K.L.:
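Can you keep this structure in mind? I'll have questions shortly.
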Amino acid sequence: MSKPIVAIVGRPNVGKSTLFNALAGEKISIVKDTPGVTRDRIYADVSWLDYNFTIIDTGGIEPESDNIILKSMREQAEIAIETADVIIFMTDVRQGLVDDDHKVVQMLRKSKKPVILVVNKVDSFEKYMNDVYEFYNLGLGDPVPISGASRLGIGDMLDEVVSHFDEESKNEEEDDRPRIAIIGKPNVGKSSIINKLLGENRVIVSDIAGTTRDAIDTEIVRNGTEYVFIDTAGLRRKSKIKEDIERYSIIRTVSAVERCNVAVLVIDATEGITDQDAKIAGIAHERGKGMIIVVNKWDAVEKDDKTIYKFTKEIREKLSYMPYAELLFVSAATGQRLPKLFETIDAVIENHSLRVATGVLNEIMTEAVAMQQPPTDKGKRLKLFYITQVAVKPPTFVIFVNDKELMHFSYTRYIENKIREAFGFRGTPLKFIIRERK
Ligand code: GDP
Ligand code: GDP
């Protein structure tokens, strides 16, 4: 279900970014080719053996003076404790153990999250192994020696990381209640929406033992169904540095979205859609989550008969990579159309895990191919042999073709549209995997 999150924490210059880049490879996150979306190296998807996880680099702006290093590390540790399933605490064999390391480790230990002690820059095991032993003093068990730069020991480190996943993810897998992440910039009305929903429905007080994360989950019962709302507004960083605040907000969004079935992106009607909204939307899109865009503060906008049309057009243009997203105009202040939000959530959750029988899919594909011939290139025509749905959340289809190169994006989009015409799938992205069969 939800992908685990692994955070890297450590002093400046121990090699956090180097390891992050080694793990992330080319697969750096944040939607490519999407206007208004920059490619920050804050989080990335990693695959190791059969495991997929998201890695986050908690280090923001590097502190310039020694006396604020500890403060900055404490902030990193807090973010990691709030958002991660497993924490990598990175030290540097060349710098050796320093006092700050002990202090931060104390914090991490209190959190009861699994912490893996990594000693970096062990470029040669022969030469440096003796220096690794002093790190036992941190009381975190066996230090894992690696060299991020020369990619030594990374496999053993990842084995250690993934060994903590099963226990962590089990709890959530048994929990099949719909999970909804409310995401968006500050001040768009995320808390107001949750409070309004709370006011009108029964609330369960969480008695799940445990992690810090549960503290920000709100459970609501409506018509006998329990929903879990994951709020990203609740906690705010005190940092004065704009880049740090943004980094933190992105990490929180990634972590909330990772755990949800449906993301509700809240936009402020009095501002219209902005670049920052698009960046946040991109996080949900690339994670394959159900998507509802809520334009809030609708009460505060002067309206005529074209206003909704104008808003819709602007949003659809800016978020052209997610035409499937549902769109709602609401007001947390008056409660206008908030009941509709629940209906939409129900529908999107259903669509996100909808399965279509292979026979029907192939009928649709055959008909689509008959209506619009597949493209040719250098005298060779694309042939589509077979389609089948291999997964849900999001619905994922494999299409077998004669030549992958010939299956252009636009023809895949055409097939997608035909499937959507037949089954709707509103609010959910669809994934297509193209395979060759000679
Ligand atoms: P960060 O501040 O923790 O993100 O550290 P960086 O990844 O920016 O690395 C700090 C410095 O250590 C850079 O000059 C890296 O090239 C160097 N470095 C990182 N990993 C290794 C390593 O495994 N071995 C050696 N010798 N140097 C490394
Ligand atoms: P958050 O940071 O996204 O959680 O935003 P808040 O819920 O704290 O709301 C930010 C501000 O917008 C507050 O002053 C709210 O009173 C106001 N606000 C929220 N929803 C609405 C709405 O539907 N209409 C109007 N007019 N104001 C709203």
Side-chain angles (χ1 to χ4, degrees), residues 7-24 41-42 55-64 69 72-73 76 88-95 98 100-101 104 118-125 127-128 131-132 144-154 157 181-199 216 218 229-237 245 247 249 252-253 256 264-271 274 276-277 280 294-303 328-338 341:
I8 313 179
V9 176
R11 285 167 56 81
N13 287 317
V14 294
K16 298 183 295 299
S17 325
T18 307
L19 175 66
F20 180 87
N21 291 338
L23 293 176
R41 295 204 143 214
I42 298 178
I55 185 147
I56 56 176
D57 182 359
T58 57
I61 300 298
E62 290 293 306
E64 269 151 27
I69 287 182
S72 149
M73 265 169 82
Q76 281 182 44
I88 293 177
F89 183 72
M90 185 181 266
T91 55
D92 175 345
V93 77
R94 320 271 172 108
Q95 287 181 26
V98 297
D100 289 352
D101 290 334
V104 174
V118 165
V119 183
N120 190 34
K121 307 196 188 176
V122 184
D123 299 340
S124 141
F125 278 38
K127 200 161 152 206
Y128 294 105
D131 300 329
V132 169
V144 182
I146 69 160
S147 166
S150 40
R151 300 180 178 234
L152 276 172
I154 290 190
M157 181 196 77
I182 308 283
I183 60 177
K185 295 183 304 194
N187 292 319
V188 291
K190 298 183 297 297
S191 320
S192 304
I193 289 175
I194 292 198
N195 287 335
K196 191 77 183 175
L197 296 176
L198 277 175
I216 50 162
T218 307
F229 283 85
I230 307 166
D231 186 4
T232 55
L235 297 143
R236 275 188 198 147
R237 294 275 118 208
I245 296 172
R247 168 178 287 259
S249 129
R252 285 293 307 275
T253 304
V264 173
L265 172 70
V266 183
I267 291 175
D268 187 336
T270 64
E271 283 184 56
T274 64
Q276 212 188 332
D277 296 324
I280 295 169
V294 157
V295 183
N296 187 36
K297 309 194 189 179
W298 198 235
D299 60 286
V301 180
E302 285 224 23
K303 292 176 273 290
L328 279 180
F329 297 83
V330 310
S331 164
T334 68
Q336 189 191 10
R337 272 190 291 268
L338 281 185
L341 177 57

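All of these numbers come straight from a predicted model, not from anything done at the bench. Just follow the structure's listing: the first ligand is 1, and inside any ligand the first atom is 1.
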K.L.:
Side chain, backbone, both or neither: which applies to Val188 and ligand 2 if a contact is any heavy-atom pair less than 4.0 Å apart?
P.N.:
both

K.L.:
Would Val330 count as a polar contact of ligand 2, with the cut-off being nitrogen or oxygen pairs under 3.5 Å?
P.N.:
no

K.L.:
Which ligand 1 atoms, with their elements, are less than 4.0 angstrom from a heavy-atom of Arg11?
P.N.:
3 (O)

K.L.:
Which bit of Asn13 gets closer than 4.0 Å to ligand 1, counting heavy atoms only: side chain, backbone, both or neither?
P.N.:
both

K.L.:
Under a 4.0 angstrom heavy-atom cut-off, which atoms of ligand 1 come close to Lys16?
P.N.:
1 (P), 2 (O), 3 (O), 4 (O), 5 (O), 7 (O)

K.L.:
Pairs of nitrogen or oxygen atoms closer than 3.5 Å, one from Pro12 and one from ligand 1: do any exist?
P.N.:
no

K.L.:
Apply salt bridge (Lys or Arg N to Asp or Glu O under 4.0 Å) to the pair Asp57 and Lys16, showing each step before the final yes or no.
P.N.:
CA-CA 7 Å; Asp57 182 359; Lys16 298 183 295 299; 5.9 Å; no

K.L.:
Only heavy atoms count here, so choose which of Val9, Asp123, Thr18 is nearest to atom 19 (C) of ligand 1.
P.N.:
Thr18

K.L.:
Can Met90 be said to touch ligand 1, with heavy atoms closer than 4.0 Å?
P.N.:
no

K.L.:
Would Asn120 count as being in polar contact with ligand 1, using the rule that some N or O on each side must be under 3.5 angstrom apart?
P.N.:
yes

K.L.:
Please report the C-alpha distance between Ser192 and Asn195 in whole Å, then the side-chain angles of each, then the deciding distance to 0.1 Å, and finally whether the side chain to side chain donor-acceptor pair (under 3.5 Å) criterion is met.
P.N.:
CA-CA 5 Å; Ser192 304; Asn195 287 335; 5.8 Å; no

K.L.:
Are any non-hydrogen side-chain atoms of Phe329 and Gln336 less than 4.5 angstrom apart?
P.N.:
no

K.L.:
N/O of Ala300 under 3.5 Å from N/O of ligand 2, yes or no?
P.N.:
no

K.L.:
Does the residue Pro186 have a heavy-atom contact with ligand 2, meaning some pair of atoms that are separated by less than 4.0 Å?
P.N.:
yes

K.L.:
Starting from the C-alpha separation in whole Å, work towards a yes-or-no answer on side-chain contact (heavy atoms from CB on, under 4.5 Å) for Thr91 and Val119.
P.N.:
CA-CA 5 Å; Thr91 55; Val119 183; 3.6 Å; yes

K.L.:
Please report whether ligand 1 has a polar contact with Ala149, defined as an N or O pair separated by less than 3.5 Å (distance criterion only).
P.N.:
yes

